[in-house]
Amino acid sequence: MRVPFIAGNWKMFKTQAEAAAFAEEFKTLYKGTDVQTAVCAPFTDLKLLVDAFRGTGIMVGAQNVHFAENGAYTGEISVSMLEEIGVDFCIVGHSERRQYFGETDETVNLKLKKLFEGSIRPILCVGESLEERDAGQASAIVSRQLASGLDGIGADDIRRLVIAYEPVWAIGTGRTATPEQAEEMCAFIRNTLIEMYDEDTADEVIIQYGGSVKPANATEIMNMDEIDGALVGGASLKAADFMEIIDF
Ligand code: 13P
């Protein structure tokens with residue numbers, strides 16, 4: 001059975017001093033739960049967080065990675081650099097990276113393949129924009145993101161994948177998808193995985209919802225059958241709020 005998995009995505013927030021303060025406070029609140037927990041932080045905070053959370057069960061994720069082993073790619077970070085720090089997860093294909101930094105289904109695919117060579121588990125973000133939803137294209141867009149993003153990746157790797165369904169219109173807007181809308185798309189994602197792979201493989205993939213998740217709506221979202229977890233932006237920046245979500 002899938003263990004619920006709730007991850008914070010700090011985006012470009014928190015200096016090392018702020019990350020250290022969060023870790024101190026969060027460790028006092030976190031009693032260990034049945035929910036897998038991770039914080040996906042800026043690169044500069046990762047080592048500090050891995051050290052601070054050692055032995056607590058709280059895991060650490062990056063928000064991006066390059067697909068090459070190494071090379072002349074100014075400003076980029078490789079998978080082995082993240083592995084050396086002890087990072088557990090890496091977000092791939094977040095809509096903000098697709099929108100502002102030229103991330104495409106093709107680069108997403110290369111990044112996933114590179115991550116699957118090693119130990120870091122990818123959190124693949126998919127989701128449609130408001131125009132796409134209004135045009136009735138939500139499932140077509142997500143289906144394309146999955147088909148291209150997962151192209152050539154075998155079932156053994158897919159079992160280690162986490163997928164975050166994040167409708168772009170619900171990110172940072174305060175406008176959450178209804179639990180039914182989120183449930184419908186997460187079910188669609190699992191059915192797509194059944195078609196692409198098989199039922200056993202699809203059954204093991206953790207599917208999160210992301211987009212304005214907060215303490216007030218975490219319970220109804222997490223109680224949906226097809227939703228295994230959440231990728232939390234703004235509400236993961238405050239230790240007490242993030243803990244309330246994990247304790248949904
Ligand atoms: P918010 O929770 O701030 O809407 O962000 C969601 C998100 O993008 C998580 O990756």
Side-chain angles (χ1 to χ4, degrees), residues 4-14 18-19 22 26 35-43 45-46 49 58-65 87-101 103 108 111-112 115 120-130 132-133 138 141-142 145-146 149 161-179 181-183 185-186 189 205-222 224 227-248:
F5 175 39
I6 297 182
N9 173 12
W10 283 356
K11 309 192 179 186
M12 197 174 73
F13 291 99
K14 292 202 191 292
E18 290 162 346
F22 176 98
F26 193 61
V35 177
Q36 295 192 82
T37 306
V39 173
C40 300
F43 290 129
D45 296 338
L46 295 176
L49 290 175
I58 304 161
M59 297 178 287
V60 176
Q63 301 171 10
N64 184 35
V65 72
V87 162
D88 304 287
F89 291 92
C90 183
I91 296 174
V92 175
H94 192 281
S95 60
E96 286 150 16
R97 296 221 55 91
R98 295 180 193 255
Q99 190 178 351
Y100 305 128
F101 302 102
E103 187 88 275
V108 162
K111 290 175 182 192
L112 292 176
L115 284 163
I120 297 175
R121 294 178 64 185
I123 303 174
L124 165 64
C125 298
V126 297
E128 80 287 355
S129 68
L130 187 57
E132 289 161 346
R133 171 156 287 261
I141 295 295
V142 169
Q145 289 170 336
L146 291 173
L161 180 66
V162 177
I163 296 179
Y165 168 62
E166 298 208 316
V168 179
W169 47 273
I171 295 178
T173 58
R175 181 180 163 185
T176 328
T178 64
Q181 281 172 322
E183 168 87 347
M185 288 304 290
C186 290
I189 290 169
V205 178
I206 291 173
I207 303 179
Q208 299 174 319
Y209 166 76
S212 300
V213 176
K214 41 188 181 275
N217 60 22
T219 308
E220 56 175 4
I221 289 168
M222 290 301 298
M224 302 307 281
I227 302 177
D228 306 320
L231 189 55
V232 185
S236 71
L237 293 169
K238 285 206 181 108
D241 287 353
F242 191 44
M243 193 60 231
E244 242 191 278
I245 293 172
I246 290 158
D247 266 344
F248 66 90

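Remember, it's 1-based here, ligands and their atoms both numbered in the order they're listed. Just so we're clear, the structure is a prediction, and the values are computed from it rather than from any experiment.
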Which residue pairs satisfy the side chain to side chain donor-acceptor pair (under 3.5 Å) criterion with at least one member in residues 162-171, sequence neighbours excluded? His94-Glu166, Glu128-Tyr165, Glu128-Trp169, Arg133-Tyr165

Under 3.5 Å, is there a donor-acceptor pair between the side chain of Trp10 and the main chain of Ser236? yes

Quick one: which ligand 1 atoms are inside 4.0 Å of a heavy atom on Ser212? 1 (P), 2 (O), 4 (O)

List ligand 1 atoms under 4.0 Å from Gly211, heavy atoms only on the residue side. 4 (O), 6 (C)

Take a 6.0 Å sphere around CZ of Phe248 and say whether it holds more than 12 heavy atoms from other residues, nucleotides or ligands. yes

Taking all non-hydrogen atoms of both residues into account, name the closest pair between Ile123 and Ala7 and its distance. CD1-CB, 4.4 Å

Relative to ligand 1, is Asn9 under 4.0 angstrom through side chain, backbone, both or neither, heavy atoms considered? side chain

Taking side chain to side chain contact (heavy atoms under 4.5 Å, CB included) as the criterion, tell me which of Ile245, Val213, Thr178 meets it with Ile221. Val213

Mode of Ala170 contact toward ligand 1 - side chain, backbone, both, neither (heavy atoms, under 4.0 Å): backbone

Heavy-atom closest pair (Val108 atom, Gly93 atom, distance to 0.1 Å) is CG2-CA, 3.6 Å

On a heavy-atom basis, I'd like to know which of Gly233, Ala230, Gly172, Cys125 is closest to atom 4 (O) of ligand 1. Gly172

Heavy-atom contact under 4.0 Å between Cys40 and ligand 1? no

Looking at atom 5 (O) of ligand 1, what's its closest protein heavy atom, distance included? Lys11 NZ, 3.2 Å

What protein heavy atom is closest to atom 3 (O) of ligand 1, reported as residue, atom name and distance in Å? Gly234 N, 2.9 Å

The closest protein heavy-atom partner of atom 9 (C) of ligand 1 is Glu166 OE2, 2.9 Å

Output for pair (Cys125 SG, Arg98 CZ), nearest 0.5 Å, gives 7.5 Å

Test of understanding: given a 4.0 Å heavy-atom threshold, classify the contact between His94 and ligand 1 as side chain, backbone, both, or neither. side chain

Which of the atoms of ligand 1 are close to Leu231, meaning less than 4.0 Å from one of its heavy atoms? 9 (C), 10 (O)

With a 4.5 Å cut-off on side-chain heavy atoms, are Thr37 and Ile6 touching? no

